[in-house]
Amino acid sequence: DLIARALIKPGDPVVVETPSYLGALSAFRAAGARLLGVPMDREGLRTDVLERLLIRYRPQLIYTLPTFQNPSGRVMSLERRQTLLSLAQRYQVPILEDDPYGELYYDEPPPPPLKSLDRQGHAIYLSTFSKILFPGIRLGWLVAPRPVVDRLASIKQYTDLHTNTLAQWAVTEFIHRGWLDSHLATLRREYPRRRRAMLDALRDLTPHGLYWNEPPGGFYVWCRLGQGLRSRELLTEAVRRRVVFVLGEPFYADGDGQDTFRLNFTYHSERDIQEGIRRLSQALATLRRGRRKRPAIQPGEARPIV
Ligand SMILES: Cc1ncc(COP(=O)(O)O)c(C=O)c1O
């Protein structure tokens, strides 16, 4: 939000991945940005499409989540990172790199952040403790050229004066005592088990016609329904069985993605994950049979499992 307010004026074009983190899309929209979506392939954001947009629209900012993207779980390859940086340099556009999940790798470590490859100072790096400590901490950090930091600090001052100092002190102490590293090691041991439980359950329990990724890190399994089904209808059936997920549509700048949804594998035990996917697959089977006779359950009526 601070960056959107610092860098974007109403009507400015901003490049985002398709799909992309919905919180950022909302912040850019609130600043009046015109969002330009760029599709991704197996190596991340498609820089060939990006270059055409850079030439045509001269955007103000490129927003990317290169590592364990929210929601798709994808990782941008090293080569693509280098191409992206050289495009930013050629067309003189800043890159906003949002990286809350980079420490949560379950196989091998991901390629280095764009910021660490950036020799020209085009990248602004953002991260947060929300995903590696706990969501309520609301504490993040950024790495940016000095003039950008100064500008953001002054916007921060008139927005909310400063971030809670007690939380900053507690996290600093946590890191100095070496607890963050051991906590990360625990997460890197535990989360892949939960990921495996979810992927195995999806493979064993869901009927044909549901597609998903196998994320090498992060929090999410990104799913797509086949056969013209819509995630919103699946959600209605799933909530009746006390399972919820996040609809995919809000992650698309252009309102697409009605057949997509996001599952999170980090919060629940392996047993609950398996049970949640079993119920999800029943919901899907019911949807397929077109048996939606009862009215949709009201929000808050059921406690979610996944
Ligand atoms: C890509 C991305 N950026 C930022 C955030 C939010 O971080 P914070 O809780 O520090 O505001 C999230 C949380 O979902 C996220 O996925």
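For the numbers below, each heavy atom of this structure counts, side chains included, while hydrogens, waters and symmetry mates do not. Just so it is clear, the structure is predicted and the values come from calculations on it, not from any experiment. Along the sequence shown, the residues carry numbers beginning at 1.
For the atom pair NE2 (H183) and CZ (F134), the distance works out to 8.5 Å, reported to the nearest 0.5 Å. Note: D272 CG to S269 OG = 3.5 Å, rounded to the nearest 0.5 Å. The distance from atom OG of S116 to atom CZ of R81, rounded to the nearest 0.5 Å, is 8.5 Å. L235 contributes atom CG, which lies 10.5 Å from atom CZ of R240 (distance to the nearest 0.5 angstrom). Expressed to the nearest 0.5 Å, how far OG of S86 lies from CZ of R119 amounts to 13.5 Å. We find the CG-OG1 distance between L85 and T47 to be 11.0 Å, quoted to the nearest 0.5 Å.
For the pair R188 and Y105, the cation sits on the ring face: its NZ or CZ lies under 6.0 Å from the ring centre, inside 45° of the axis.
Applying the salt bridge (Lys or Arg N to Asp or Glu O under 4.0 Å) test to pairs two or more places apart or on separate chains, those with a residue in residues 153-166 are K156-D160. Applying the ring pair (Phe, Tyr, Trp, His ring centres under 6.0 Å) test to pairs two or more places apart or on separate chains, those with a residue in residues 141-167 are F129-W141.
L133 places a side-chain heavy atom less than 4.5 Å from the side chain of L180. A heavy-atom distance below 4.5 Å is found between the side chains of L263 and L280. Within the 4.5 Å cutoff, no side-chain heavy atoms of V93 are placed close to those of Q60. Side-chain contact between F28 and Y63 is present, with at least one heavy-atom pair separated by less than 4.5 Å. Here the side chains of T67 and M76 are not in contact, with every heavy-atom distance at 4.5 Å or above. At a threshold of 4.5 Å between non-hydrogen side-chain atoms, the residues E249 and S231 do not count as touching. Side-chain contact between W222 and Q69 is absent, with no heavy-atom pair separated by less than 4.5 Å. Using a 4.5 Å heavy-atom cutoff, the side chains of F245 and L234 are in contact.
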Q: Determine, step by step, whether R279 and E237 satisfy the side chain to side chain contact (heavy atoms under 4.5 Å, CB included) criterion, reporting the C-alpha distance in whole Å, the side-chain angles of both residues, the deciding distance to 0.1 Å, and the verdict.
A: CA-CA 9 Å; R279 295 183 193 190; E237 283 301 331; over 6 Å; no
Q: Apply side chain to side chain contact (heavy atoms under 4.5 Å, CB included) to the pair Y211 and L225, showing each step before the final yes or no.
A: CA-CA 6 Å; Y211 308 94; L225 291 163; over 6 Å; no
**Q.** Trace of the side chain to side chain contact (heavy atoms under 4.5 Å, CB included) decision for Q282 with R241
**A.** CA-CA 9 Å; Q282 287 175 344; R241 293 166 176 81; 3.6 Å; yes
(Q) Assess the residue pair R271 and E275 against the criterion (salt bridge (charged side-chain N to carboxylate O under 4.0 Å, His left out)); give the C-alpha distance rounded to whole Å, side-chain angles, the decisive distance to 0.1 Å, and a yes or no. (A) CA-CA 6 Å; R271 230 173 92 185; E275 174 59 17; over 6 Å; no
(Q) Between I3 and I8, does the side chain to side chain contact (heavy atoms under 4.5 Å, CB included) criterion hold? Intermediate values first, please. (A) CA-CA 8 Å; I3 290 168; I8 297 164; over 6 Å; no
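Listed here is the closest heavy atom pair of L25 and P250: CD1-O, 3.7 Å. Contact detail for P39 and V49: the closest heavy-atom pair is CD-CG1, 3.9 Å. For the pair G11 and R34, the tightest heavy-atom approach, listed with the atom from each and the gap, is O-CB, 4.0 Å. Between A4 and A27, the shortest heavy-atom contact is CB-O, 3.9 Å. Across P216 and V75, no two heavy atoms sit closer than the pair CG-CG2, 3.8 Å. Of all non-hydrogen atoms in C223 and L210, the two that sit nearest each other are CB-CD1, 4.1 Å.
The same ILVMFWY cluster, assembled from side-chain heavy atoms under 4.5 Å apart, contains both L139 and L104. Follow the hydrophobic side-chain contacts under 4.5 Å out from L287 and you reach I277 in the same cluster. Both L84 and I55 are part of a single hydrophobic cluster, where members link through side-chain heavy atoms under 4.5 Å apart. Under the 4.5 Å side-chain heavy-atom criterion for Ile, Leu, Val, Met, Phe, Trp and Tyr, L229 and F251 are members of distinct hydrophobic clusters. Cluster annotation: L117 is not connected to L65 through the hydrophobic network of ILVMFWY side chains, with a link wherever side-chain heavy atoms come within less than 4.5 Å.
Put simply, the residue from D118, D99, L114 that forms a side chain to side chain contact (heavy atoms under 4.5 Å, CB included) with Y125 is D99. Each of Y21, Y220, F68 was compared with Y101 under the ring pair (Phe, Tyr, Trp, His ring centres under 6.0 Å) criterion, and only Y220 meets it. Partner of P59 under the side chain to side chain contact (heavy atoms under 4.5 Å, CB included) criterion, chosen from L54, L53, V14, D12: L54. Checking L22, N70, V221 one by one against R262, the side chain to side chain contact (heavy atoms under 4.5 Å, CB included) holds for a single residue, N70.
R193 CZ: more than 12 foreign heavy atoms inside a 6.0 Å radius. Crowding of E108 atom CD: a count of heavy atoms from other residues, nucleotides or ligands under 6.0 Å not exceeding 12. Within 6.0 Å of atom CZ in R90, more than 12 heavy atoms from other residues, nucleotides or ligands are found, so the atom counts as buried in its surroundings.
Counting only N and O atoms by type, the side chains of Q258 and R230 include a donor and acceptor under 3.5 Å apart. If you check the side chains of T266 and R195, you find no donor sitting under 3.5 Å from an acceptor. Of the N and O atoms on the side chains of T159 and R5, at least one donor lies less than 3.5 Å from an acceptor on the other residue.
A donor-acceptor pair is defined here as one N or O able to donate and one able to accept, closer than 3.5 Å; no such pair exists between the side chain of E17 and the backbone of S20. Distance alone, capped at 3.5 Å, is enough to place a donor-acceptor pair between the R80 side chain and the L45 backbone. No donor-acceptor pair closer than 3.5 Å links the side chain of R29 to the backbone N or O of L35. Judged by distance alone, with hydrogens and angles left aside, the side-chain atoms of Q89 form no donor-acceptor pair with the main-chain N or O of H122 at under 3.5 Å. Put simply, the side chain of Q168 gets close to the backbone of T163: a donor and an acceptor are under 3.5 Å apart. With hydrogens and angles ignored, the 3.5 Å screen pairs no side-chain donor or acceptor of R46 with any backbone N or O of V38.
Ring centroids of F219 and F265 are separated by 6.0 Å or more, keeping the two rings apart.
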